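Note sheet for the following structure.
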Amino acid sequence: MCSWRTIPCSITELCLDHTLPSGQSFRWKKNGDNDWVGVLGCSVYLLNQTSTQLRYKVFGKESETKSGGLESLSGRRSTTKTKAKAAKINGVVSPSPPADHDTVLKDYFQLTVCLHKLYSTWSDVDDNFKAVAQRFPGVRILRQDPVENLLSFICSSNNNISRISGMVENLCVHFGEPIVEVSGQMYYSVPSVDKLALPGVEDTLRKLGFGYRAGFIVKSCQTILENDPGWLVGLRTRPYQEAREQLMTLPGVGPKVADCVCLMSLDKPGALPVDTHVWQITATNYLKQLNNTKSLTPTVYTQIGDFYRTRFGEYAGWAHSVLFTADLRPNKNKETEQVGDGVAKKKKKLK
DNA sequence: CGGTGACCTTTCG
DNA sequence: CGAAAGGTCACC
């Protein structure tokens, strides 16, 4: 058994227990009391942490992922170049992880972004944030594979977390590649868009319980393939608004899903997903004039995003994930459910 | 622009 | 059991 590898990292910069279950990725599972297991690229990672370091073990093939480029994981069929790189792998079932896994994790957790400073700034401008921040330190935005991120959130529409997780799992098990078995459990990669664009897939997904999202997934993958190779990941270097518009050309991708993808995998820290919950809480606690809005129209959606962007600045999307993380926890305490302490929440539903 | 209803199925209360 | 679930799309 290989030993744990470590990366220096304060628990206030990254708290796995607050970040991994915050509804960004649906693929991390708690393993025992301290460990988290998940798949990044073509490797299975086992993670835990102390107050000063992030610790990990890697299982499976050596990842071909290069720092900053998850392209090869994204179902590109641009082949030639990525193939050439991938061919370099010394596919040993090596007990010692390759040197590059530090880089993969630093990239995934975006450890070069100084969360401590951001928290401090946001606490200065918002009392609600300050209160929530004390209870939930170390919440940061992951830098996910755009394909995983996109598929996950196409599944999220009008759906519950529990089922979404199962659907993502099913996508990987049925259309991804097996990676390695760890303690009796096989792990799979995120499927390539090529696989999901094949004829017959929609029927299979329907049978797997995806409902109307089956069509969205297949058609979105087909659309991705019709675009230039690298189109999706290329949105990382396009302006926020443009990336958002482009994403919304995909079936099943509206404003909310587009913002999730912008924020969580396309390097748009100011993107701010507004769901019904965020809308309600914001109307109650911040923008009272929205209390009489009847639905989450594009206008209201923009107002809410702009409000937070004005208040929290360039990384408003990151602030938003801290602010609302408490409300997604399965075991949230109903008595204290609120944004910040002492602020009333939940208006009753009018119908 | 804003309002309405359908959409699949599972989980939740 | 029925309602709700991190929406989106089509249509008025």
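Everything quoted here is computed from the prediction, not taken from an experiment. Per chain, numbering begins at 1; letters A, B, ... match sequence-line order. The figures here come from the full heavy-atom set of this structure, side chains too, leaving out hydrogens, waters and symmetry mates.
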Worksheet item: A/S157 or A/S162: which one's nearest nucleotide on DNA chain B is closer to the 5' end?
Response: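 Comparing both residues, the 5'-ward one is A/S157.
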Item to complete: By nearest nucleotide on DNA chain C, pick out whichever of A/P251 and A/H320 is the more 5' one.
Response: A/H320
Worksheet item: Given A/F129, which of A/W122, A/Y286, A/F136, A/Y308 fulfils the ring pair (Phe, Tyr, Trp, His ring centres under 6.0 Å) condition?
Response: A/W122
Practice prompt. Fit a plane to each ring of A/H277 and A/F324, take the angle between them on a 0 to 90° scale, and name the class: parallel (under 30°), tilted (30 to 60°) or perpendicular (over 60°).
Written response: perpendicular
Which part of the nucleic acid, if any, lies within reach of [X] when heavy atoms closer than 4.0 Å are counted: base, sugar-phosphate only, or nothing?
X: A/V257; answer: sugar-phosphate
X: A/G252; answer: sugar-phosphate
X: A/S321; answer: nothing
X: A/I161; answer: base
X: A/V274; answer: nothing
X: A/L205; answer: nothing
X: A/P255; answer: sugar-phosphate
X: A/G211; answer: base

How many whole angstroms separate atom [atom1] of [X] from atom [atom2] of [N]?
X: A/L296; N: C/dG7; atom1: CG; atom2: P; result: 9 Å
X: A/I217; N: B/dC8; atom1: CD1; atom2: P; result: 13 Å
X: A/D259; N: C/dT8; atom1: CG; atom2: P; result: 9 Å
X: A/F324; N: C/dG6; atom1: CZ; atom2: P; result: 15 Å
X: A/N158; N: B/dG5; atom1: CG; atom2: C1'; result: 12 Å
X: A/R206; N: B/dC8; atom1: CZ; atom2: P; result: 4 Å
X: A/F26; N: B/dT10; atom1: CZ; atom2: P; result: 18 Å
X: A/L323; N: C/dG6; atom1: CG; atom2: P; result: 18 Å

Discussion item. Can you tell me whether the side chain of A/R163 and the base of B/dT9 have a donor-acceptor pair closer than 3.5 Å?
Written reply: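 For A/R163, whose side chain was compared with the base of B/dT9, there is a donor-acceptor pair (under 3.5 Å).
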Worksheet item: Between A/R238 and A/E245, is there a salt bridge with N-O shorter than 4.0 Å?
Response: no
Worksheet entry | Partner of A/L196 by side-chain contact (heavy atoms from CB on, under 4.5 Å), out of A/V218, A/L171, A/I224 | A/L171
Practice prompt. Sort out the partner of B/dG2 for me: Watson-Crick or G-U wobble, both distances under 3.5 Å, none otherwise.
Written response: C/dC12
Discussion item. Pairing check on B/dC8: which nucleotide meets the Watson-Crick or G-U wobble criteria with it, both distances under 3.5 Å?
Written reply: none
Fill in: Aromatic contact, A/F26 with A/F153 (centres under 6.0 Å)
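Judged by ring-centre distance (under 6.0 Å), A/F26 and A/F153 do meet the cut-off.
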Worksheet item: Is any side-chain nitrogen or oxygen of A/T297 closer than 4.0 Å to OP1 or OP2 of B/dG2?
Response: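 Affirmative; the distance criterion is met.
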Practice prompt. Compare side-chain N and O positions of A/T276 against OP1 and OP2 of C/dG6 and report whether any pair is under 4.0 Å apart.
Written response: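 Result: no.
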Discussion item. Starting the side chain at C-beta, find the nucleotide from B/dG2, B/dC8, C/dG6 nearest to A/R213.
Written reply: B/dC8
Discussion item. Starting the side chain at C-beta, find the nucleotide from B/dC7, B/dT9, C/dG6 nearest to A/Y212.
Written reply: B/dC7
With [atom1] as the reference atom in both, quote the distance from [N] to [M] in angstrom, rounded to an integer.
N: C/dG6; M: B/dG5; atom1: P; answer: 22 Å
N: B/dT9; M: C/dC11; atom1: P; answer: 22 Å
N: C/dG7; M: B/dG13; atom1: P; answer: 16 Å

Worksheet item: From A/L46 CG over to A/W36 CH2, what is the distance, rounded to the nearest 0.5 angstrom?
Response: 12.0 Å
Discussion item. Using a 6.0 Å cut-off, check whether atom CD of A/Q289 has over 12 heavy atoms from anything other than its own residue.
Written reply: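 Yes, because the 6.0 Å sphere around CD of A/Q289 holds more than 12 heavy atoms from other groups.
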